[in-house]
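Numbers restart at 1 for each chain; the letters A, B, ... are given by sequence-line order, proteins then strands. Every heavy atom of this structure was used, including side-chain atoms; hydrogens, water molecules and symmetry mates were not.
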Amino acid sequence: MNEKRMLGEDHYEQVIAEESICTNENLVYEKPETLTDTPMHYCPGCGHGVAHRLIAEAIAELDIQDKTVGVAPVGCSVFAYNYFNIDMTEAAHGRASAVATGIKRVLPDKYVFSYQGDGDLAAIGTGETIHTCNRGENILIVFINNGIYGMTGGQMAPTTLVGMKSTTTPFGREVAVMGNPLRITELIAQLPGVYYCTRVAVNTPANVRRAKKAIVNGFKYQELKKGLSFVEVVSNCPSNWKMTPLESNKWMEENMFPFYPLGDLKVPGKEK
Amino acid sequence: MKELKLMKGNEALAEAAIRAGCDGYFGYPITPQSEVLEYLAEHAAKRTGMVVLQAESEVAAINMIYGASGAGKRVMTSSSSPGISLMQEGISYIACAELPCLLVNVVRGGPGLGTIQPSQGDYFQAVKGGGHGDYKLIVLAPSTVQEMVDHVKLGFELAFKWRNPTMILADGALGQMMEKVELFPQQPRITDVPEWATVGKPKNRERNIITSLHMQAEAMEEINNNLQKKYKAIAEEEIRFEMIGCDDADVVLVAFGLVARICTKVVDLAREKGIKVGVFRPITVSPYPYEALNTLANNVKGILTVEMNAGQMVEDVRLAVEGKVPVEFLGRMGGVIPSPEEILHKLEEKFVGVLA
Amino acid sequence: MAKVKGDIIIDIEKCKGCELCAAACPQESLELSRKLNSKGYHYIVKIEDNCTGCINCALVCPEGIIKVYRKTEKRMDPVATLTNVTGDLTVTVNS
């Protein structure tokens, strides 16, 4: 019966059983209007989609759509501006935090965030990242770490784990050749300019809720003008890890989380 | 009442930026133009509230410009040759996204780390694009400290009129030398928000997106076509040049920036000797005054192009002249400034028959 | 005692069949369809009518295409039993 319901002619469940409770008054969850209806280009099961939605939810809940400017990176999320229903700028590879700095400095009362992957933020853009954090720019940086270059097809990232295979480390990342994976969030947490620094994931409902809270904090803290908020989202890359989405989440829990442990690295008022 | 001051080129340029109502400066120190950042750091914020930020690199600085100009603000950066090279990627993005901003290159001798002395070795980089892809800057070439001031105001006007990055192509001598300048009165900072700026999306308009990424080849070609259309329109409206003593000249010296002033001295020296020489000075080197130079070539017997490089603008001079008269070249490189005497000597040597 | 009933609407055309929602569903009521949508993905369908509207599926859905509905139906428990009543009687219950 349900299968039939799902196959409405307009590809959307229209045939609703008579006893349906699917009415506006019973609606308890839907994507926010700060996310466009454009279908996302991300691979099935990719964490980007959830991370996007959480940012959009935070903007909607804080009612700051008209005061928010986002900066998209180069990487899989290069098209992030297609999905956020807000003003956005698409930055050059690695430079998102510099672009965000420029925006925030001339619009100090707006909410500004950059959305960057590990290659963008922790390889080519390391200089911009560290100095933006060190200056304590009142912005939010959302850092998606899936340990690989997604868009270019699965090359080694600065965050690729030791032994992890990528197209440029076909036999696994070797420390003697490529060094160790970079825990840039730990590095950044040391900087006095950083007001809030945390590491979250979006693989389970509980983690999604925590991630949401972190992102909301990252926007709210901008009002205090006390420094930068940095939210790392440990994420997956089913396609380039060559796994199903469910396998990739399991692999992430077993391999990524031990090296990139979830939790707060710096919480206002609580120096670790 | 005129406000006259004796000022160093770099400082005059910085003072002009404050007076032009500039909203933000993002830059990185490099000789011979660090005084721009230093002067602004001292004077700008307290006078107009202008943002002045020393970035961690030229790469960061140009991307701050990209963000801030995307927010609709009047922003600028300055640097010298190696620093401008580092900015090229960002400039290409800014040009494609059609954002207005002012760039200043106080050129030093190259290639590589080169010297800190004046040069015009970045002419190609400035007028032919510089970064990747088909784009053009509007490029102004000041020849006096006064023009270092005037071109700031003009540069912002042109940048906003055409939504195009505008560059002031100076050199180390112009940046460092002191001259009397007349300063224009303080202009207010702009408060209105351009419709395309990313400042936060209100309910009553679509979101603004600043990007240079267009995945469909046809769409990207359309973007390119529009850019080229704009560059053509700029070339029709914005060409500026100066002619000194060209009315009766047998031979014309073509030079831009500082070298054009040296050539003006050559005119005097030559005319004392009875040689009728004039100077043609492009003020906009992009768009280039091809037509004016082409017309001028009808009335002269030869052209000597003088530059502080290995021969860059001379290619545009030859394009303009279309072989009507011989175009000779004198260039000094690496930070060496040609003297009036050596220019005159070259003139006499190359055009011995003409001048007889 | 209140009974909670939930339901979801999935925009199956945008579903990529990643199954993260199915893994997150405590009621195990979601499964991949054998059918494909026009993008060529097997999409998620609800196979059990035991949804509680907990929103877990929607939270983990990368595409943001699950709408969740929840209704709490109040079942009236008897407050008093009246037997052998004759004549007029007024009973009021504060809700």
Just how far is it from atom OH of C:Tyr69 to atom CD of A:Glu30, taken to the nearest 0.5 Å?
-> 7.0 Å
Give, as side chain, backbone, both or neither, the part of A:Thr244 having an atom under 4.5 angstrom from any heavy atom of chain C.
-> neither
Tell me, out of A:Asn249, A:Asn207, A:Leu246, who's got the most heavy-atom pairs with chain C below 4.5 Å.
-> A:Leu246
Heavy-atom check, side chain of A:Tyr29 versus side chain of C:Leu59, under 4.5 Å = yes
For the side-chain contact (heavy atoms from CB on, under 4.5 Å) test, which of C:Arg70, C:Lys71, C:Lys5 pairs with A:Asn26?
-> C:Lys71
Option in A:Cys46, A:Pro44, A:Pro32, A:Gly49 with maximal non-hydrogen atom pairs under 4.5 Å from chain C | A:Pro44
Flag the pair C:Pro62 / A:Tyr42 as yes when at least one side-chain heavy-atom distance between them is below 4.5 Å, and no otherwise.
-> no
C:Lys67 vs A:Leu27 side-chain heavy atoms within contact, under 4.5 Å | yes
With a 4.5 angstrom heavy-atom cut-off, which part of A:Val208 approaches chain C: side chain, backbone, both or neither?
-> side chain
Using a 4.5 Å cut-off on heavy atoms from C-beta on, say whether the side chain of C:Val60 contacts that of A:Val202.
-> no
Mind ranking A:Thr204, A:Val50, A:Asn24 by heavy-atom pairs under 4.5 Å with chain C and telling me who comes out on top?
-> A:Val50
Go through the atoms of C:Cys54 and report whether side chain, backbone, both or neither lie under 4.5 Å from a heavy atom of chain A.
-> backbone
Can you name the closest pair of heavy atoms from C:Cys18 and A:Pro245 and give their distance?
-> O-CB, 3.5 Å
Contact origin within A:Asn203 toward chain C - heavy atom pairs under 4.5 Å | backbone
Please answer whether the main-chain N or O of A:Asp37 pairs with a side-chain N or O of C:Lys14 as donor and acceptor at a distance below 3.5 Å.
-> yes
Largest heavy-atom contact set with chain A, pairs under 4.5 Å, which of C:Thr72, C:Asn56, C:Asn37, C:Ile66 | C:Asn56
For the atom pair CD1 (C:Ile65) and CE (A:Met40), what is the distance rounded to the nearest 0.5 Å?
-> 10.0 Å
One option among A:Glu57, A:Arg209, A:His52 has the most heavy-atom pairs under 4.5 Å with chain C, and it is A:Arg209
Please report the closest heavy-atom contact between A:Val28 and C:Gly53, naming both atoms and the distance.
-> CG2-O, 4.2 Å
Atom of C:Cys61, atom of A:Arg53 and distance for their closest heavy-atom approach | O-NH1, 2.6 Å
From C:Asp11 atom CG to A:Lys31 atom NZ, the distance as rounded to the nearest 0.5 Å | 10.0 Å
Around atom CD of C:Glu28, are there more than 12 heavy atoms of other residues, nucleotides or ligands at under 6.0 Å?
-> no
Taking every non-hydrogen atom, the tightest pair across C:Lys16 and A:His41 = NZ-C, 4.0 Å
What is the distance from atom OG of A:Ser20 to atom CD1 of C:Ile9, rounded to the nearest 0.5 Å?
-> 6.5 Å
